[in-house]
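Data block below; observations after.
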Amino acid sequence: MKKIMNKAENFVDEMLEGILAAHPKELKITNDDLRCIVSANKTDKKVGIATGGGSGHLPLFLGYVGDGMLDGCSVGGVFQSPSADQMLEVTKAIDSGAGVLYIYGNYGGDILNFDMATEMAEMEDIKVVSVVAGEDVASAPKGEEGKRRGVAGIFYAFKIAGAKADELASLEEVQRVAQKAADNVRTMGVALTPCIVPEVGKPSFTLDETEMEIGMGIHGEPGIRRGALQSADDIVDEMLFPILEDLPYVEGDEVSVLINGLGATPKEEMYIMYRRINQVLNERGITVFKVYIGEFATSMEMAGASISILKLDDELKTLLAKPAHTPFFEQKQL
Amino acid sequence: MKKIMNKAENFVDEMLEGILAAHPKELKITNDDLRCIVSANKTDKKVGIATGGGSGHLPLFLGYVGDGMLDGCSVGGVFQSPSADQMLEVTKAIDSGAGVLYIYGNYGGDILNFDMATEMAEMEDIKVVSVVAGEDVASAPKGEEGKRRGVAGIFYAFKIAGAKADELASLEEVQRVAQKAADNVRTMGVALTPCIVPEVGKPSFTLDETEMEIGMGIHGEPGIRRGALQSADDIVDEMLFPILEDLPYVEGDEVSVLINGLGATPKEEMYIMYRRINQVLNERGITVFKVYIGEFATSMEMAGASISILKLDDELKTLLAKPAHTPFFEQKQL
Amino acid sequence: MDTIEKKDLIDIFGEIKIIMANNRDNLIELDSVMGDGDLGLTMEKSFAAAAETANTIEDADLGKFIMKIGMAMAKAAPSTMGTLMATGFMKGGKVLAGKEELTINDIAQFFRAFSDGIMAAGKTKPGNKTIVDALDPTATALENAAENNKSIVDGLSDAYQAALKGVEDSKPMKAQHGRAAYYQDKSIGVQDPGATAGALLLQGFYNAVSK
Amino acid sequence: MDTIEKKDLIDIFGEIKIIMANNRDNLIELDSVMGDGDLGLTMEKSFAAAAETANTIEDADLGKFIMKIGMAMAKAAPSTMGTLMATGFMKGGKVLAGKEELTINDIAQFFRAFSDGIMAAGKTKPGNKTIVDALDPTATALENAAENNKSIVDGLSDAYQAALKGVEDSKPMKAQHGRAAYYQDKSIGVQDPGATAGALLLQGFYNAVSK
Ligand SMILES: Nc1ncnc2c1ncn2[C@@H]1O[C@H](COP(=O)(O)OP(=O)(O)O)[C@@H](O)[C@H]1O
Ligand SMILES: Nc1ncnc2c1ncn2[C@@H]1O[C@H](COP(=O)(O)OP(=O)(O)O)[C@@H](O)[C@H]1O
Ligand SMILES: [Mg+2]
Ligand SMILES: [Mg+2]
Ligand SMILES: [Mg+2]
Ligand SMILES: [Mg+2]
């Protein structure tokens with residue numbers, strides 16, 4: 001295991017100490033708990049938006065806490081849910097009376113804890129609603145959307161919800177647009193190498209020097225096909241075609257494309273992927289409004305990438321175009 | 001070699017096609033040459049700023065072409081200089097009569113070609129001056145600064161020069177502040193794994209499963225010590241102490257810190273590094289104005305990171321704080 | 001033993017803690033097959049926190065006592081099973097509110113609420129290859145024991161046997177939840193780690209009362 | 001052969017092209033020791049472009065002819081050696097401006113300008129383990145040959161020998177420039193790939209005129 005770290009058991013807390021030291025004007029903690037991160041700016045009457053999830057996915061999850069996106073994040077161990085208790089503390093800190101929206105990924109542990117936190121928040125008279133993001137078309141077939149894992153596409157739900165909340169919209173309205181974003185995004189990924197959970201010290205699966213796995217999840221969940229590494233164009237086609245057919249995305253649609261690096265894959269390769277995506281979308285008469293290429297939801301040092309496509313309407317487009325500013329993500333008004 | 005690409009010989013051009021397809025409003029080409037990238041926005045009377053260098057370092061170099069930073073970039077093959085001819089074409093495209101500043105890294109091939117381009121530009125009556133960035137303290141001892149390789153610290157020269165040029169300052173003034181930034185930054189890096197030049201197909205050096213090399217260059221140039229992988233804190237100390245002693249940076253100084261991932265190293269690890277950097281700077285009474293953590297000058301899929309420190313004065317601070325917006329780098333006014 | 005008192009509950013949590021620690025590697029191995037392998041660690045952590053809390057809180061009201069233990073467990077290990085176990089204790093504790101000693105009938109109610117609470121939280125039911133497949137038969141066994149006026153020791157013996165049988169019965173099931181569900185048909189025939197942890201819980205109850 | 005005419009120059013470029021192609025792997029190997037291993041590829045590319053340009057451009061003025069070849073080379077391979085070779089031809093061509101045939105004296109002037117042009121561009125001098133250590137003795141040998149009224153063939157024979165000796169003499173030097181300089185003392189004793197390419201250039205001139 002080749003990681004720049006100190007003791008494995010301190011991996012998450014030392015990472016958090018570094019993040020808080022680097023961004024003292026933007027982020028702070030609540031309840032004296034390093035793992036309860038909230039934005040340094042609190043806006044009166046604004047719906048609070050919280051997320052939470054396991055560590056090891058930077059900038060997911062806490063990297064989206066900031067202006068125009070999220071207000072708080074509870075942080076779990078590597079690939080582990082934070083506790084309901086920590087979620088509650090974040091909820092209490094970010095509520096300004098307008099209620100709190102939870103947006104998190106569709107994973108058993110997270111659901112259980114966010115559900116428990118919701119109950120606890122209600123006992124404290126804080127109104128909480130949730131949007132559970134799940135858009136990995138490789139993780140369950142069409143018709144069973146509710147079983148799909150949440151991956152990089154959750155970025156769009158964060159971005160859209162954050163922009164809406166900034167308008168001081170109601171909790172129901174913010175939830176509605178976040179759900180709309182979550183419902184209109186589809187993702188598929190490919191893994192080239194595994195990653196290592198620091199405290200485990202060895203990969204949870206292996207891939208041969210010439211192998212890839214299409215559809216693998218960001219915690220190494222099994223994909224849909226393992227085989228010899230293909231050309232970039234073929235890899236893109238194998239991921240993009242099922243995405244396009246799933247929603248489906250058709251001629252005349254306007255979309256945003258997000259290519260997410262899993263950790264070790266360089267931007268050079270992601271742009272080679274985009275070249276092909278652009279060709280296919282052009283051929284199908286699908287227009288691209290905005291492209292995001294970079295790391296949005298990683299698996300530490302895993303090599304590979306995912307493609308997410310968000311189908312836009314005027315409302316989503318306007319909200320996506322709004323500026324945002326967090327320590328990990330900046331966008332000016334488009 | 002596990003890369004998401006098509007034919008190795010098309011690696012650079014297909015990457016460029018992807019970049020241009022993804023960012024059509026921000027970037028365009030000149031002279032019908034994919035490898036001559038210029039900003040889509042040209043400001044009258046503004047000094048033009050160009051860079052250039054080998055591919056394989058995204059976002060370096062072309063990623064800094066955009067508002068508040070550079071106006072153009074010539075793009076070489078992987079780890080290869082672009083040609084003087086391409087540099088000239090970019091120069092011609094970005095000159096608006098106020099002259100052109102070249103900012104590039106201290107590498108033999110680049111120097112030769114930028115020198116030749118300078119001569120050619122003069123024959124076309126374009127005034128050109130240069131700042132050659134070299135700040136890797138591992139690459140040559142103090143007293144021989146002129147021999148040092150340019151690495152991630154060049155980001156600061158781009159940022160500072162771009163902000164100054166936006167004020168419609170003269171060529172001499174823009175050159176002066178760029179040189180000041182270049183003179184006041186120091187860098188050191190560590191490599192954990194090699195990277196592979198696509199057309200070569202195998203790494204140019206190897207590192208054992210438990211080895212690291214302190215001071216290695218971004219093309220795999222030999223470092224100053226190879227040994228067993230140390231703890232994050234020890235690695236930071238081995239890079240940071242020589243940096244701090246070199247300029248030197250002393251009590252009362254105000255600095256900006258940049259941690260640059262070489263490609264495969266996740267942000268989690270970079271923040272664990274920053275935790276230690278922050279401790280050391282605090283101990284020494286050095287104040288941090290702004291922290292940049294991410295990928296700024298990579299070596300494709302190489303694992304490792306570098307630390308750069310820029311010593312600020314009021315002028316550099318004001319210029320660093322200005323907003324910038326490129327397809328690869330965004331910063332709002334600090 | 002006709003009723004379980006607070007000191008007995010403390011013994012029970014002490015016993016479960018030891019059993020979970022002893023079975024740590026076994027649970028890790030089971031959870032590594034189609035999960036992330038953390039179950040041994042989280043169960044050890046959860047029940048260490050439970051035992052510690054049991055030793056330190058004052059409440060005479062056994063309902064509150066157990067609920068507080070559940071809350072401590074929720075903090076200690078927020079994994080799926082950690083949270084479900086915590087939920088079970090919180091929901092089970094709720095139905096015991098006000099009681100200072102527990103009859104076989106109370107214990108049956110406790111486990112029914114425990115199992116139902118997990119089903120509600122996990123949005124699942126028996127047959128989906130989860131801990132519920134160990135706990136639902138457990139609750140039924142205890143209800144039968146109560147109906148037949150069995151002793152607490154005998155009731156918990158039946159319950160433990162029912163849990164073990166539940167683990168066996170769940171092997172041919174196909175996983176519908178959590179990480180194992182990603183493996184689809186491959187999960188058939190594999191022993192469910194969560195159900196196993198459920199059986200260990202019952203083993204703790206039974207061992208402690210039969211000592 | 002008393003003078004070199006345009007057709008001879010075309011032959012020379014044809015010959016160098018073949019030699020560089022034949023020595024590609026050898027140059028790659030030499031450049032891999034303390035460089036990036038591209039030298040064989042770039043020299044092959046550069047001189048393929050040179051030979052092609054020589055075959056296609058019209059100029060009777062051999063100075064312009066050679067300068068244009070230099071410019072084509074600069075485009076073809078912008079590596080250190082590619083650019084330095086291009087610079088050499090551009091600077092060497094400049095001193096031949098207006099000439100339609102070249103004497104031994106012209107050739108000596110050409111190589112002096114070639115070598116000096118590289119020194120200026122590379123900000124270097126003899127003794128730094130570069131191509132200059134092959135080219136500076138080459139120019140001197142040609143100047144001596146011109147002074148002694150030697151034939152072009154004999155002059156280029158001396159020059160080639162001087163270049164080969166230059167390669168040998170540069171082995172014990174310590175690299176001061178380019179990637180090899182990062183290796184410091186480790187570069188001592190190693191054969192410089194750039195100087196080797198310089199000797200191959202002379203071999204091309206000599207082979208072509210002695211055919
Ligand atoms: N929705 C659910 N409802 C009830 N039990 C579940 C559910 N999902 C998973 N389980 C149980 O949890 C066990 C895994 O627990 P654990 O290792 O803590 O999960 P993870 O590590 O994925 O968070 C499974 O073997 C199963 O018995
Ligand atoms: N500044 C310089 N001046 C003259 N020759 C140089 C200089 N730097 C390097 N060289 C020569 O260039 C050779 C390497 O050429 P090349 O492989 O093209 O370099 P790179 O691949 O690093 O661009 C060296 O062996 C040396 O002879
Ligand atoms: Mg598990
Ligand atoms: Mg787990
Ligand atoms: Mg070379
Ligand atoms: Mg080279």
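Labels below follow one simple rule: chain letters A, B, ... track the order of the sequence lines, proteins then strands, and each chain is numbered from 1. Values below: all heavy atoms of this structure, side chains included; hydrogens, waters and symmetry mates excluded.
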Answer with side chain, backbone, both or neither: which region of [X] has an atom nearer than 4.5 Å to a non-hydrogen atom of chain B?
X	result
A:M302	neither
A:K25	side chain
A:L262	neither
A:T210	backbone
A:M5	both
A:I19	both
A:H57	backbone
A:L229	side chain

Would you say the side-chain atoms of [X] pair up with the backbone N or O of [Y], donor to acceptor, closer than 3.5 Å?
X	Y	answer
A:N6	B:D233	yes
A:E268	B:F11	no
A:E17	B:Y274	no
A:K2	B:D208	yes

What part of [X] gets closer than 4.5 Å to chain A, counting heavy atoms only: side chain, backbone, both or neither?
X	value
B:A303	neither
B:M270	neither
B:V190	side chain
B:N278	side chain

_Which one wins on heavy-atom pair count under 4.5 Å against chain A: B:M212, B:M300, B:K332?_
B:K332
_Max heavy-atom pair count under 4.5 Å with chain A, selected residue of B:E211, B:R276, B:Q230, B:M273_ = B:E211
_Sorted by number, residues from residues 286-295 of chain B in contact with chain A (heavy atoms, under 4.5 Å)_ = B:F289, B:V291, B:I293, B:E295
*Roughly how far, to the nearest 0.5 Å, is NZ of A:K267 from CE of B:M15?*
12.0 Å
*To the nearest 0.5 angstrom, please state how far the CZ atom of B:R275 sits from the CD atom of A:E14.*
3.5 Å
Could you pull out the closest heavy-atom pair between [X] and [Y], with the gap in Å?
X	Y	answer
B:I235	A:I4	CD1-CG2, 4.2 Å
B:E301	A:A264	CB-O, 3.8 Å
B:M1	A:E209	N-OE2, 3.6 Å

_Residue selection (most heavy-atom pairs with chain B, distance under 4.5 Å) from A:N10, A:D13, A:L192_ = A:L192
_Can you tell me which of A:A22, A:G263, A:S231 forms the most heavy-atom pairs within a distance under 4.5 Å of chain B?_
A:A22
